[in-house]
Amino acid sequence: MSEDGKSVVDQVKLECERYFAPVEFVECIDQSDGCGAKLLLTVVSDSFANVKLLQRHRQVQKTLQEAGFGMDQVHAITIRAWSVDEYKKKHAQI
């Protein structure tokens with residue numbers, strides 16, 4: 001928990017919503033039984049349109065690093081960074 005009472009999950013989600021705005025969807029799931037050390041992060045934003053996958057991941061990692069999320073807080077993160085069109089196509093298949 002941060003000084004303002006927000007969990008790592010909430011802080012990561014807020015940071016992504018702010019940096020990649022406007023966002024269609026942001027979800028951050030704690031996969032580490034509550035400590036926030038292992039996260040599954042989904043960010044859907046048109047800021048990812050026409051950006052290669054590796055560059056998207058680097059953008060997300062840089063954003064989180066600049067916000068102060070180092071290895072002392074988040075040990076592992078799975079990033080799903082999609083454009084709005086990609087997200088809609090993926091969900092149409094379900």
Can you tell me how far the [atom1] atom of [X] sits from the [atom2] atom of [Y], to the nearest 0.5 Å?
X   : Y   : atom1 : atom2 : result
R18 : K13 : CZ    : NZ    : 15.5 Å
H75 : K38 : NE2   : NZ    : 12.5 Å
H57 : Q55 : NE2   : CD    : 11.0 Å
H91 : W82 : NE2   : CH2   : 6.5 Å

Residue pair [X] / [Y], side-chain heavy-atom distance below 4.5 Å:
X   : Y   : value
V9  : I29 : no
D46 : V23 : no
V12 : L41 : yes

Next item on the list: Without swapping roles, check the side chain of T42 against the backbone of V26 for a donor-acceptor pair under 3.5 Å.
Entry: no
Check: If you draw a 6.0 Å radius around CD in Q65, do more than 12 non-hydrogen atoms from other residues or ligands fall strictly inside?
Finding: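 For Q65, atom CD is not crowded (no more than 12 foreign heavy atoms under 6.0 Å).
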Notebook entry, point to check: Under 30°, 30 to 60°, or over 60°: which ring-plane class applies to F48 and F20, parallel, tilted or perpendicular?
Noted result: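 Answer is tilted, since the angle falls between 30° and 60°.
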Notebook entry, point to check: If you look at every heavy atom in P22 and S45, which pair is closest and at what distance?
Noted result: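 Smallest interatomic distance, heavy atoms only, reads O-OG, 3.2 Å.
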Next item on the list: Taking all heavy atoms of S32 and all of A37, pick out the closest pair and write down the distance.
Entry: OG-N, 3.1 Å
Checklist line | Contacts of A67 that satisfy side chain to side chain contact (heavy atoms under 4.5 Å, CB included) - sequence neighbours left out | finding: E15, F69
Checklist line | Residues which pass side chain to side chain contact (heavy atoms under 4.5 Å, CB included) with K62, listed by chain and number, not counting sequence neighbours | finding: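 Checked K62 against side chain to side chain contact (heavy atoms under 4.5 Å, CB included); matches are E66.
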Check: Are L40 and V60 in one and the same hydrophobic cluster, where Ile, Leu, Val, Met, Phe, Trp and Tyr link if side-chain heavy atoms are under 4.5 Å apart?
Finding: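 Different hydrophobic clusters.
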Checklist line | Hydrophobic cluster identity match, V74 and Y19, side-chain contacts under 4.5 Å | finding: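 Looking at the clustering, Y19 is in the same group as V74.
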Checklist line | Candidate pair L14 and K6, rule side chain to side chain contact (heavy atoms under 4.5 Å, CB included), full reasoning | finding: CA-CA 10 Å; L14 286 171; K6 290 189 174 117; 3.6 Å; yes
Notebook entry, point to check: Got a sec, which residues hit side chain to side chain donor-acceptor pair (under 3.5 Å) with E86, two or more places apart in sequence or on another chain?
Noted result: R56, S83
Next item on the list: Would you check, one step at a time, whether the test side chain to side chain contact (heavy atoms under 4.5 Å, CB included) holds for L39 with I79?
Entry: CA-CA 8 Å; L39 303 176; I79 299 169; over 6 Å; no
Note to self: Determine whether V51 and Q59 satisfy the following criterion, side chain to side chain contact (heavy atoms under 4.5 Å, CB included), listing intermediate values before the conclusion.
What the structure shows: CA-CA 10 Å; V51 177; Q59 286 176 353; 4.2 Å; yes
